[in-house]
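One structure below.
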Amino acid sequence: QLQLVESGGGLVRPGGSLRLSCEASGFTLENYAIKWFRQAPGKEREGVSCISSNVGNTDYADSVKGRFSISRDIAKRTVYLQMNSLKPEDTGVYYCAAQYFGHCLGPYDYWGQGTQVTVSS
């Protein structure tokens, strides 16, 4: 059984911070690229940040560079997305997805259920 579970979403004011978690089960986490996506109401899902398999290279969408940071804790089988200086346009459902021996180019084999992030005053 391969499963990803997101957590850590919530309501935060503009300029605030949240840390999202993506906990993996049934995975050798380092063998998968893990990418965070988000989907705002009425918009298509977009990539946010990714950490590649094995070596753990990271990348970010231009819209979040300098504000978000992705990291991986192999022992905890968890990938984190630290989100700082949040903006209302960061609002959406955030999903993590896994790509076997991936390099953050897709396709993604497994998806979590999503966690809601709302940035509002």
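Predicted model, so just to flag it, every value in this text is computed and none were measured. The chain is numbered in sequence order, starting from 1.
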Quiz item: Would you say the side-chain atoms of R13 pair up with the backbone N or O of S120, donor to acceptor, closer than 3.5 Å?
Solution: no
Practice problem: Describe, in one word, how the ring planes of F37 and Y108 are oriented to each other, choosing from parallel (under 30°), tilted (30 to 60°) and perpendicular (over 60°). | Solution: perpendicular
Quiz item: Of the non-hydrogen atoms in P14 and S121, which two are nearest, and what is the gap between them?
Solution: CD-N, 3.6 Å
Quiz prompt | CG on L11 to CD on Q116, rounded to 0.5 Å | solution = 9.5 Å
Quiz item: Looking only at heavy atoms, what is the nearest atom pair of S17 and N84, with distance?
Solution: OG-OD1, 2.8 Å
Quiz prompt | Hphob cluster co-occupancy, Y110 + W36, side-chain heavy atoms under 4.5 angstrom | solution = yes
Quiz item: Any ring pair (Phe, Tyr, Trp, His ring centres under 6.0 Å) pairs touching residues 50-73, not counting sequence neighbours?
Solution: none
Quiz item: Is the backbone of A33 close enough, under 3.5 Å, to the side chain of Q99 for a donor and an acceptor to pair up by distance?
Solution: no
Self-check item: hydrophobic_cluster_shared for V79 and L2, side chain cutoff 4.5 Å
Solution: yes
Quiz item: Looking only at atom types and distance, does a side-chain atom of R67 sit under 3.5 Å from a main-chain N or O of S85, one as donor and one as acceptor?
Solution: yes
Quiz prompt | Whether S53 side chain and G102 backbone form a donor-acceptor pair below 3.5 Å | solution = yes
Quiz item: Has the side chain of S49 got a donor or acceptor atom that lies under 3.5 Å from a matching backbone atom of D59?
Solution: yes
Exercise. Determine the sole option in T78, L29, L4, D73 for which the side chain to side chain contact (heavy atoms under 4.5 Å, CB included) test with E23 is passed.
Key: T78
Quiz item: Would you say V93 and T115 make side-chain contact, with heavy atoms under 4.5 Å?
Solution: no
Exercise. Evaluate whether atom CD of E44 has more than 12 neighbouring non-hydrogen atoms of other residues, nucleotides or ligands under 6.0 angstrom away.
Key: no
Exercise. Determine yes or no for a side-chain-to-main-chain donor-acceptor pair under 3.5 angstrom, with Q113 supplying the side chain and E6 the backbone.
Key: yes
Quiz item: Are side-chain heavy atoms of R72 and I34 found at a separation under 4.5 Å?
Solution: no
Self-check item: Close aromatic pair by centroid cut-off 6.0 Å: Y32 and Y100
Solution: yes
Practice problem: Please list all pairs passing the disulfide bond (SG atoms under 2.5 Å apart) test where one or both residues lie in residues 15-51, with sequence neighbours left out. | Solution: C22-C96, C50-C104
Quiz prompt | S52 side chain to N57 backbone, donor-acceptor under 3.5 Å | solution = yes
Quiz item: Atom CD in Q3, atom CZ in F27: separation rounded to 0.5 Å?
Solution: 9.0 Å
Self-check item: Atom pair OH (Y95) and CZ (R45), whose distance is rounded to the nearest 0.5 Å
Solution: 7.0 Å
Quiz item: What distance do S25 atom OG and R77 atom CZ have between them, rounded to the nearest 0.5 Å?
Solution: 6.5 Å
Quiz item: Do F101 and I51 belong together in a cluster built from hydrophobic side chains that touch within less than 4.5 Å?
Solution: yes
Quiz prompt | Distance in Å, L81 CG paired with R38 CZ, rounded so as to fall on 0.5 Å steps | solution = 9.5 Å
Quiz item: Are K87 and D90 within salt-bridge range, i.e. N to O under 4.0 Å?
Solution: no
Exercise. Please check if any side-chain donor atom of R19 sits under 3.5 Å from a side-chain acceptor atom of Y80, or the reverse.
Key: no
Quiz prompt | Non-hydrogen side-chain atoms of V12 and T118 separated by less than 4.5 Å | solution = no
